[in-house]
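Okay, so here's the structure we're looking at.
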Amino acid sequence: MNIILLGPPGAGKGTQAARMETARGMVQLSTGDMLRESVAQATPVGLKAKAVMAAGELVSDAIVSALIGERLDASDRGAIFDGFPRTRAQAEALDLLLTERGRALDHVIELEVDEDALVERITGRFSCCSCGAPYHDKYKLPRDPDTCDICGAHDFKRRPDDKEETVRTRLAEYRAKTAPILPYYEQRGLVRRVDGMAAVDEVTAQIDAILDS
Ligand code: AP5
């Protein structure tokens, strides 16, 4: 099964993709994670992407499509595309990559959310530097404020693009460039919608109902 999770920044794509990966053995293909890894390793792609990401804008279609192409073969038990495609050109590139491998999209799941709530969701999040466990200033603090509940490490980090001004640019990019690709999939009958404002478990249950139908 090959699934796209579509929704604005903070809609919960990464949260749900990680759950699907654990529960179903599918592979999460997050272009955001791939790009952050490239930036951290200062690869040629990372050097190009760093400032663009920090500004909340989109990295070039050619770069992200190539990243997905490199990882697609490792997901033959099923892929969850998280944060890709984000433009019409990326959607067309994904179709080609899948067709070349005899694979097809099963569902495009749109997480419907209230944009005002997203700014609070994103600007409050942080994670453990060691194991990556996610936390939130308001919704999920570690039991001991200086210690990760999961691995006991003491260092936490925030994404550089999670500042309010940058989040607003990211939301504007989504409205201008990504939301317009929905009709491309709607005309093929692939789009299913879930309530991304529901509790995390409830969103998972809605997605499970689609995947198991
Ligand atoms: P990327 O990493 O893809 O970020 P994003 O799309 O902005 O998405 P986020 O990771 O911020 O949010 P999410 O929807 O995954 O939500 P999450 O589960 O984390 O991209 C970053 C940058 O990389 C882009 O701006 C761009 O520059 C570049 N890039 C990446 N892909 C690209 C592409 N294809 N083309 C071009 N450029 C690209 O949840 C957010 C928070 O909410 C968490 O704290 C979580 O715990 C909480 N939460 C989740 N669900 C719920 C819920 N139901 N209720 C309450 N809280 C919830």
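These numbers come from a predicted model, not from an experiment. We count ligands from 1, going down the list as the structure has it; atoms in each ligand are counted the same way.
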Starting from [atom], find the nearest protein heavy-atom neighbour and note its residue, name and distance.
{"atom": "atom 23 (O) of ligand 1", "value": "M53 CE, 3.4 Å"}
{"atom": "atom 54 (N) of ligand 1", "value": "R121 NH2, 3.4 Å"}
{"atom": "atom 19 (O) of ligand 1", "value": "R125 NH1, 2.7 Å"}
{"atom": "atom 26 (C) of ligand 1", "value": "E57 O, 3.4 Å"}
{"atom": "atom 24 (C) of ligand 1", "value": "R86 NH2, 4.0 Å"}
{"atom": "atom 31 (N) of ligand 1", "value": "T31 OG1, 2.8 Å"}

Any carboxylate oxygen within less than 4.0 angstrom of a Lys/Arg side-chain nitrogen, looking at [X] and [Y]?
{"X": "E112", "Y": "R192", "answer": "no"}
{"X": "D162", "Y": "K157", "answer": "no"}
{"X": "E115", "Y": "R175", "answer": "yes"}
{"X": "R24", "Y": "D208", "answer": "yes"}
{"X": "R121", "Y": "D114", "answer": "no"}
{"X": "R71", "Y": "E37", "answer": "yes"}

Within the 4.0 Å heavy-atom shell around [X], which atoms of ligand 1 are there?
{"X": "A11", "answer": "14 (O), 16 (O)"}
{"X": "R36", "answer": "2 (O), 21 (C)"}
{"X": "P8", "answer": "14 (O)"}
{"X": "T15", "answer": "17 (P), 18 (O), 39 (O), 45 (C), 49 (C)"}
{"X": "G14", "answer": "13 (P), 15 (O), 18 (O)"}
{"X": "Q90", "answer": "33 (C), 34 (N), 35 (N), 36 (C)"}

Heavy atom of [X], distance to ligand 1 below 4.0 Å:
{"X": "G7", "result": "no"}
{"X": "G196", "result": "yes"}
{"X": "A198", "result": "yes"}
{"X": "R159", "result": "yes"}
{"X": "E173", "result": "no"}
{"X": "G10", "result": "yes"}

- Can you tell which of V59, D195, T169 gets a heavy atom nearest to atom 37 (N) of ligand 1?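 Comparing heavy atoms across V59, D195, T169, the nearest one to atom 37 (N) of ligand 1 lies in V59.
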- Item | Option whose closest heavy atom lies nearest to atom 29 (N) of ligand 1, chosen from D33, L35, V64 |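 Ranked by closest heavy atom to atom 29 (N) of ligand 1, first place is L35.
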- Message: Below 4.0 Å, non-hydrogen atoms only: which portion of V200 touches ligand 1? Side chain, backbone, both or neither.
- Response: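 V200 to ligand 1: contacts from backbone and side chain alike.
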- Task: Measure D161 to ligand 1 on non-hydrogen atoms and call it side chain, backbone, both or neither using the 4.0 Å cut-off.
- Result: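 Side chain only.
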Judging by distance only, is a nitrogen or oxygen of [X] under 3.5 angstrom from one on ligand 1?
{"X": "G12", "value": "yes"}
{"X": "G83", "value": "yes"}
{"X": "K13", "value": "yes"}
{"X": "R170", "value": "yes"}
{"X": "Y135", "value": "no"}

- Looking at OG1 of T43 and NZ of K48, how far apart are the two atoms once the value is rounded to the nearest 0.5 Å?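 If we round to the nearest 0.5 Å, T43:OG1 and K48:NZ are 9.5 Å apart.
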- Task: Find the distance between CD (E165) and CZ (R170) and round it off to the nearest 0.5 Å.
- Result: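 E165 CD to R170 CZ: 13.0 Å, rounded to 0.5 Å.
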Any side-chain heavy atom of [X] within less than 4.5 Å of one from [Y]?
{"X": "T31", "Y": "I68", "value": "yes"}
{"X": "Y174", "Y": "L6", "value": "yes"}
{"X": "F156", "Y": "P142", "value": "yes"}

- Looking only at side chains, do D161 and T166 share a donor and an acceptor under 3.5 Å apart?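 There is no such pair (donor and acceptor under 3.5 Å, judged by atom type) between the side chains of D161 and T166.
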- Pair S75-R103, side-chain donor/acceptor within less than 3.5 Å: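 Present: a donor and an acceptor within the cut-off.
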- Message: Taking atom CZ as the centre, does R168 end up with more than 12 heavy-atom neighbours from other residues, nucleotides or ligands that are less than 6.0 angstrom away?
- Response: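 No - once you tally the heavy atoms of other residues, nucleotides and ligands closer than 6.0 Å, there are 12 at most.
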- For T204, what residues pass the side chain to side chain donor-acceptor pair (under 3.5 Å) criterion, not counting sequence neighbours?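 Here the qualifying residues are Q16, R19.
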- Item | Partner residues of D95 under the salt bridge (charged side-chain N to carboxylate O under 4.0 Å, His left out) criterion, sequence neighbours left out |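 Per chain and number, D95 pairs via salt bridge (charged side-chain N to carboxylate O under 4.0 Å, His left out) with R188.
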